[in-house]
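Labels below follow one simple rule: chain letters A, B, ... track the order of the sequence lines, proteins then strands, and each chain is numbered from 1. FYI, side chains are in, hydrogens and waters are out, and symmetry mates aren't considered; it's all heavy atoms of this structure.
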Amino acid sequence: MKMSEHSTIGISSKPKTKHWPDTCDSEAPCHTFSISSLQILDEHGNLDESRMPDVSSEDLVKLYRAMVLARLVDDRTLKLQRQGRIGTVPLCTGHEAVTCGATLAMRDEDWFIGSYRDLGGRLMRGEPIENGLLYYNGHEEGAVFPGGERTLPISIIIAAQCLHAVGVAYAMRMKGETETAVVCFLGDGGTSEGDFHEAMNFASVWQVPVVFVVANNQWAISVPREKQMHSRTIAQKAIAYDMPGIQVDGNDALAVYKATKDALDLARSGGGPTLIEAVTYRMLMHTTADDPTRYQPPEDLEIWAKRDPITRFRKFIEQKDLWDDEQQTDLEAQCKQKIEAAVAAFESRTDFKVDSPFDHVFGTSHTRIEQQRAEFLDMLKKESADG
Amino acid sequence: MAKLNMVQAINRALDEEMARDENVITLGQDVGLNGGVFRVTEGLHEKYGEERVIDTPLAESGILGSSIGMAIAGLRPVAEMQFSGFSYLMFAQLEGHASRMRSRTQGQHTVPLVVRMPYGGGVRALEHHSESHEATYAHLPGVKVVIPSGPSNARALLAAAIRDPDPVVFMEPKCSYRAFREDVPEEPQVMEIGKGQVVQEGADVTVISWGAMMRPTIKAVEAAQKDHGVSIELIDLLTISPMDTDKIVSSVKKTGRCVIVQEAPRSFSPSSEIIATINDHALMYLEAPVKRVTGFDVVTPYFGKEQSYLPNERRVRHAIEETIGF
């Protein structure tokens with residue numbers, strides 16, 4: 001797919017009204033379409049000025065810093081897992097432009113509803129680094145954070161979150177929060193799930209303010225995109241639901257930002273949902289339990305390493321005199337300090353309540369649950385006394 | 001006081017709750033203009049508008065999944081599954097998200113919603129329209145399962161379900177929908193979820209049932225009392241999960257005998273759980289083995305065979321006789 005065109009997407013001509021307004025005939029075919037794709041920064045960091053969105057220098061630096069932090073957290077997390085200090089972790093390297101670019105376009109009051117490859121965006125939403133470590137070491141305490149009321153926890157079930165996003169968007173509109181929108185993240189594999197299509201259809205019928213951001217990283221664990229779908233693009237799936245769909249270079253944070261910002265503006269003005277396909281690549285294993293050498297052509301990684309989202313963005317901000325080597329050194333030192341502080345906080349944490357699962361089955365108290373809690377605590381006490 | 005059938009009583013509860021709280025909405029296939037295929041939502045579309053009474057696209061997972069989002073964002077959705085047999089398409093959303101969001105987030109995000117669904121046989125319907133699979137839902141931690149048996153408790157329990165902070169699967173015995181009427185008070189009524197009801201007190205045997213099976217059970221109880229002069233304690237379970245341990249245990253401790261009547265297939269069912277509960281808390285009080293009258297572990301037959309399949313008054317009466325004569 002050529003990544004430089006930017007044209008209007010949609011059905012090439014409106015169906016002609018016949019007996020039924022929704023029929024299609026040979027004079028007004030419904031089956032031809034074009035998909036626009038957007039790239040603003042090429043892989044060398046060269047800017048297409050004609051497409052440059054209105055982003056302040058401050059935000060450009062903020063975006064860069066967020067991507068670097070996400071990459072370094074991912075690196076450290078992988079090492080912690082390899083050292084046996086946390087459980088299985090899905091990795092996010094390569095996804096920084098998708099998740100951070102889209103999140104930069106969001107407002108605090110918007111809802112962030114995603115899956116497990118959105119680390120950079122989650123950190124931008126205020127999730128502490130410690131949370132991910134807790135979460136991936138088996139503690140629900142890592143699924144929530146103060147101020148996270150509009151950042152839903154990770155959905156491990158693929159594409160299920162798309163429907164939650166639609167429901168939240170419906171509620172926002174009904175409650176009169178017409179300026180609030182929802183950004184929903186999923187992956188290429190997720191677009192095969194029924195819940196994705198049901199969500200696209202519900203969003204379309206209800207015209208609710210949702211932006212679906214599909215990180216097309218080419219893989220659903222070991223299954224490549226071409227076994228996932230026959231469609232040439234994911235963006236074209238929007239056409240079936242009569243909503244705007246656009247393909248963007250998912251390693252170009254500016255393109256992701258612009259597409260998301262445009263989609264959010266449309267959503268806030270009552271224009272309904274949008275589908276964004278961000279084309280990227282999963283640079284590491286699906287999770288630490290996966291071995292991509294069993295299925296992934298090694299040359300892919302070489303090709304995509306040259307398209308790295310962070311490298312090109314650094315070149316771009318350096319060209320704009322917004323960044324230099326000294327700042328880079330400082331940033332890396334700051335990130336490392338933050339990460340080590342989070343690791344220390346995570347590893348010293350001992351205040352877990354062993355019977356907390358009993359606290360949160362229901363919002364009301366029930367004899368059965370309380371009897372089982374007492375039995376459970378009593379067992380633990382006896383086991384502890386027995387050594 | 002008005003005499004209402006169950007359809008009218010449920011409709012009244014929906015109407016009262018929608019009037020009380022503007023966050024209460026209802027959604028599903030045909031619930032709008034058509035008023036639902038059983039007419040349970042009749043008149044609500046007209047009264048509350050299409051934003052709060054939503055004719056959704058035909059997709060059960062979509063209905064529940066979007067309801068989960070609505071509930072997280074502060075609405076109180078009442079989703080209708082047109083028949084319980086169609087509800088399994090939304091099972092992943094219920095198990096994967098509605099039941100767990102509270103636990104996953106340690107209470108930061110909750111999913112207060114109701115899934116209404118007509119269940120059970122006896123109306124000569126096609127395949128997938130006659131099952132009694134409450135155990136399927138009752139096995140999920142974090143989900144409450146409520147089954148009313150008549151107009152009055154249907155209205156009060158639905159109001160409770162809508163006000164409840166958790167996801168409630170509300171299973172409506174469709175063969176009781178228009179089978180009889182009861183006096184329903186003018187003012188709104190709310191019953192507590194998680195509590196069974198002692199319909200009549202007795203000393204010799206405890207009979208436990210729920211939903212559509214309450215009708216043949218009541219007839220059998222009346223007949224057994226008349227024929228044998230026994231004193232029977234009848235419990236309407238009303239909530240399948242979380243089950244009312246106290247009511248079951250205290251009654252069986254008193255009577256020493258128990259008969260359970262359910263429409264559902266026998267194995268891994270509510271009756272299995274009731275027997276296990278008696279085993280845990282009242283085994284040494286038993287004067288006779290606990291007897292149960294149930295459906296069988298077969299696929300619910302087409303309606304040509306359903307009258308022979310479904311538990312009936314005669315089977316319940318025999319079970320009571322066998323238990324008191326042990």
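- Judged by distance alone, the side chain of B:D55 and the main-chain N or O of B:V31 form a donor-acceptor pair under 3.5 Å.
- For A:A199, no part lies near chain B; criterion is any non-hydrogen pair under 4.5 Å.
- Between chain B and the residues A:T364, A:I113, A:V166, A:I156, the most heavy-atom pairs under 4.5 angstrom are made by A:T364.
- Within residues 137-147 of chain B, the residues having any heavy atom closer than 4.5 Å to a heavy atom of chain A are B:P141, B:G142, B:V143, B:K144, listed by residue number.
- Listed in order of number, the residues of residues 78-96 of chain B that approach chain A to under 4.5 Å between heavy atoms are B:Q93.
- Ranking A:Q371, A:Q161, A:M172 against chain B, the residue ahead of the rest is A:Q371, based on heavy-atom pairs under 4.5 Å.
- For the set B:M70, B:M101, B:R52, the count of heavy-atom pairs under 4.5 angstrom toward chain A peaks at B:M70.
- A:G87 approaches A:N137 most closely through the heavy-atom pair N-OD1, 3.3 Å.
- Residues of residues 177-194 of chain A never come closer than 4.5 Å to chain B when only heavy atoms are counted.
- Ranking A:H164, A:H197, A:E149, A:E198 against chain B, the residue ahead of the rest is A:H164, based on heavy-atom pairs under 4.5 Å.
- In terms of non-hydrogen atom pairs under 4.5 Å with chain A, the most contact-rich of B:E51, B:R100, B:E22 is B:E51.
- At a 4.5 Å heavy-atom cutoff, B:L64 makes no contact with chain A through either its backbone or its side chain.
- For B:S103, the parts sitting under 4.5 Å from any heavy atom of chain A are the backbone and the side chain alike.
- Contacts with chain B (heavy atom to heavy atom, under 4.5 Å) involve these residues of residues 201-214 of chain A, listed by number: A:N201, A:F202, A:V205, A:W206.
- Under the 4.0 Å criterion applied to side-chain N and carboxylate O atoms, A:R150 and A:D108 are not assigned as salt-bridge partners.
- Residue with the most contacts toward chain A among B:Q108, B:M243, B:Q106: B:Q106 (heavy-atom pairs, distance under 4.5 Å).
- Both the backbone and the side chain of B:S61 come within contact range of chain A, judged by heavy atoms closer than 4.5 Å.
- With A:R368 as reference, B:T277 is the one residue of B:D244, B:D246, B:T277 to meet the side chain to side chain donor-acceptor pair (under 3.5 Å) rule.
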Note to self: Set out, in order, the CA-CA distance, both residues' side-chain angles and the distance that settles side chain to side chain contact (heavy atoms under 4.5 Å, CB included) for B:V249 and B:Y285, then state yes or no.
What the structure shows: CA-CA 10 Å; B:V249 171; B:Y285 294 80; over 6 Å; no

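- A:R349 and A:E141 are not joined by a salt bridge, as no carboxylate oxygen comes within less than 4.0 angstrom of a charged side-chain nitrogen.
- Remark: side-chain polar atoms of B:R76 are paired, donor with acceptor, to backbone N or O of B:I162 under 3.5 angstrom.
- Ranked by heavy-atom pairs shorter than 4.5 Å toward chain B, the options A:G363, A:A171, A:A143 are led by A:G363.
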